[in-house]
Amino acid sequence: MSETEQQPEGGARQALRAPRGTRDVISPEVERWQSVEGATRETFARYGFREMRTPIFEDSVVFEKGTGETSQIVQKETYRFTDLGGHDLTLRPEGTPPVIRAYLEHKLGHSKDVARFYYIGPMFRYERPQKGRYRQFHQIGVEALGSESAALDAEIIDMAMTWLGDLGIESLRLVVNSVGDVDDRPAYMEKLVDAQKVFLGEMSEDSRRRHEVNPLRVFDSKEPEDQPVIEKLPKIIDHLSPQNRAHFDEVCGYLSDWGVGYTIEPRLVRGLDYYRRTVFEISSSALGAQDSLLGGGRYDGLVEQMGGDDVPGVGFAAGLERIVLALPEGAETASLDCYVVTVSRDLMPQAMALMRDLRGRGLRCTADFQDRSMKAQMKAANRSGAPAAVILGPDELSKGVCNLKMMESGEQHEVSLEILATVLAEELHGTGHTG
RNA sequence: GUGAGCGUAGCUCAACGGUAGAGCACUAGGUUGUGGUCCUAGCGGUUGGGGGUUCGAAUCCCCUCGCUCACCCCA
């Protein structure tokens with residue numbers, strides 16, 4: 001706990017960097033994020049979900065009650081601090097508890113309709129960074145509160161698969177399982193713990209620890225030595241109560257009817273403690289060790305645990321960074337319609353006026369602001385990716401025209417300044433450069 | 001928190017004990033008003049930071065910071 005100053009920092013100038021585990025999302029990557037976000041909003045809207053934006057920090061109790069005081073996330077991975085007013089706050093490590101907090105705070109369950117929300121935003125966990133894992137990462141999540149219908153579970157799983165498929169992500173693998181609830185979980189846990197005790201000597205050190213902390217997670221072990229043991233342990237899927245078994249079969253029935261490919265994975269046990277009954281996970285082989293793109297499940301009981309009525313819920317969260325990583329290569333779209341080039345620097349006022357006019361008509365344009373030679377401006381125009389260059393010189397201006405040069409073909413012709421915007425729009429449309 | 005690998009110009013890399021180089025990129029010129037090819041020239045690094053060994057360190061040793069991958073955990 002003792003803080004020792006250990007930062008030589010000898011040199012005069014130490015480059016400033018983004019904090020460990022955080023990153024800057026810069027063009028062209030940021031355009032990929034934007035396209036994912038746009039497609040996400042459209043897809044979710046088709047299923048009746050509305051966006052909810054909650055604060056990125058909450059009173060720490062929100063996560064203690066929601067995520068769980070004993071969970072690893074809350075115990076070891078939160079960015080938790082006391083603000084100047086003495087409030088105990090936590091940067092949100094996941095999206096579900098804040099949504100439920102807001103649902104309760106604003107009495108959104110009042111109508112008894114199923115409340116459907118989605119969120120997109122940063123989450124924070126103090127972990128060792130790795131491929132597809134960051135300290136500030138971004139999640140896209142959905143929550144549906146107010147129904148325990150298996151149809152809802154199936155719909156949400158279907159939406160998740162449709163969504164990721166529409167984004168163009170290939171090699172998706174959907175696994176589903178049921179982890180039971182109060183009806184069958186306590187009895188099963190006893191059986192599981194007893195069974196594990198028999199094999200303790202054969203289990204890895206990590207799994208012996210899991211046995212103490214969270215016996216279910218032994219199923220998650222990747223240790224080779226644990227695999228034979230796991231095979232012999234009782235599976236919760238075989239110990240479900242009749243009603244939970246029926247619920248799970250119904251979910252699977254829907255998926256089968258719809259042709260959604262899935263695998264029942266008895267070993268799937270999600271990390272968060274609040275999951276009940278249906279759990280699912282979608283992974284992609286396009287990623288490394290952190291191959292889980294999306295995970296979710298039902299969390300009946302969580303709303304009550306957070307101080308509300310007994311409202312059932314189901315949802316999922318997906319990692320935006322991982323989705324972007326798994327995305328297929330896409331063509332870059334031009335971010336400019338034209339680049340304005342002047343023959344000499346004293347024409348800058350005319351160039352500025354022209355650009356104001358073009359922008360007013362909805363066209364995207366820019367120019368060189370460093371008084372560089374025309375050749376340099378043309379190089380910049382080329383680099384900018386703009387499909388067209390608009391050239392202004394004394395000759396053109398005296399005639400009230402400009403030279404419109406299409407960069408790809410190299411063709412160039414005079415166009416009256418008055419109709420430039422229209423002509424340009426037509427040219428761009430014709431060549432599919434409207435991006 | 002644990003383990004392994006790696007940090008040299010904007011980028012990708014070379015030099016592996018004798019005071020740092022290439023390609024690409026960038027800038028300018030060849031073209032007195034025109035980019036993307038070509039040619040020429042130029043800019044650019046106290047080799048992540050600190051300490052040590054040595055006559056001499058990018059190169060060897062230690063510490064530190066960071067990156068990467070994996071464990072863990074999870075999106």
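Below, chains carry the letters A, B, ... as their sequence lines are ordered, and counting in each starts from 1.
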Subject >> Residues A:D371 and A:R345 bridged, charged N to O under 4.0 Å >> reply: yes
Exercise for the section: Answer yes when A:R80 and A:E64 have at least one side-chain N-carboxylate O distance shorter than 4.0 Å, and no when they do not. Expected result: yes
Per nearest nucleotide of RNA chain B, the residue lying toward the 5' end, A:Y126 or A:I391, is A:Y126
The residue, A:G21 or A:E411, whose nearest nucleotide of RNA chain B is more 5′ is A:E411
Show every donor-acceptor pair shorter than 3.5 Å between a side-chain atom in residues 412-421 of chain A and any protein atom, with sequence neighbours excluded, or say none if there are none.
residue, atom, partner, partner atom, Å
A:E414, OE1, A:K399, NZ, 3.1
A:E414, OE2, A:K399, NZ, 2.8
A:S416, OG, A:E418, N, 3.2

Considering every strand and a 4.0 Å limit on heavy-atom distances, what is the contact class for [X]: base, sugar-phosphate, or nothing?
X	result
A:K76	nothing
A:Y339	nothing
A:Q290	base

At a heavy-atom distance below 4.0 Å, what parts of [range] sit against RNA chain B?
range	value
residues 160-176 of chain A	none
residues 46-74 of chain A	A:Q72
residues 210-229 of chain A	A:R210, A:R217, A:K222

Heavy-atom contacts, protein to nucleotides 5-12 of chain B, under 4.0 Å, summarised as B (base), S (sugar-phosphate only) or - (none) per nt, yield --------
Heavy atoms from C-beta onward define the side chain here; which of [options] lies closest to that of [X]?
X	options	value
A:Q130	B:C72, B:C74, B:U27	B:C72
A:R20	B:A75, B:U34, B:G66	B:G66
A:R322	B:G35, B:C71, B:C74	B:C74
A:N382	B:G36, B:C72, B:U34	B:G36

Where RNA chain B forms runs of at least three Watson-Crick or G-U pairs (i with j, i+1 with j-1, under 3.5 Å), the stems are B:1-7 with B:65-71, B:10-13 with B:21-24, B:26-30 with B:38-42, B:48-52 with B:60-64
Item checked: Quiz item: A:K375 side-chain donor-acceptor pair to B:U34 base, under 3.5 Å -> no
Any N or O donor-acceptor pair linking the side chain of A:R133 to the base of B:C73 at under 3.5 Å?
yes
Please tabulate, one pair per line, each protein N/O and nucleotide N/O from nucleotides 2-4 of chain B that are separated by under 3.5 Å, including the distance.
residue, atom, partner, partner atom, Å
B:U2, O4, A:R128, NH1, 2.4

Residues pairing under side-chain hydrogen bond (donor to acceptor under 3.5 Å, both in side chains) where one sits in residues 381-394 of chain A, two or more places apart or in two chains, turn out to be none
If you compare every side-chain N and O of A:R372 against the phosphate oxygens of B:G29 (OP1, OP2), does one of them come in below 4.0 Å? no
Worksheet item: Is there a side-chain polar atom (N or O) of A:R209 under 4.0 Å from OP1 or OP2 of B:C73?
Response: yes
query: Between A:F316 and A:W163, how do the two ring planes meet: parallel, tilted or perpendicular, split at 30° and 60°?
result: parallel
Review point. Within 45° of the six-membered ring axis of A:F219 and under 6.0 Å from that ring's centre, is NZ or CZ of A:R267 located there?
Key: no
The salt bridge (charged side-chain N to carboxylate O under 4.0 Å, His left out) partners of A:R23 (sequence neighbours excluded) come to A:E29
Checklist entry - Is it true that a side-chain atom of A:E69 and a backbone atom of A:K65 form a donor plus acceptor pair closer than 3.5 Å? => result no
Tightest non-hydrogen contact, residues A:R210 and A:S221, listed as NH1-CB, 3.6 Å
ring-ring contact (aromatic ring centres under 6.0 Å, His included) filter on A:H247, not counting sequence neighbours, yields none
Atom pairs and distances, side-chain donor-acceptor, residues 94-102 of chain A, under 3.5 Å, sequence neighbours left out:
residue, atom, partner, partner atom, Å
A:E94, OE1, A:Y274, OH, 2.6
A:E94, OE2, A:T67, OG1, 2.7
A:E94, OE2, A:Y274, OH, 3.3
A:T96, OG1, A:E143, OE2, 2.7
A:R101, NE, A:E105, OE1, 3.2
A:R101, NH1, A:E58, OE1, 2.8
A:R101, NH1, A:E58, OE2, 2.5
A:R101, NH2, A:E105, OE1, 3.1

Count the heavy atoms belonging to other residues, nucleotides or ligands that lie under 6.0 Å from CD of A:E205, then report whether that count exceeds 12. no
Rounded to the nearest 0.5 angstrom, the CG-OG1 distance for A:L392 and A:T342 is 7.5 Å
Sort me out a list of protein N/O and nucleotides 39-45 of chain B N/O pairs below 3.5 Å, or just none if empty.
none

Would A:Y118 and A:F49 count as a close aromatic pair, with their ring centres under 6.0 Å? no
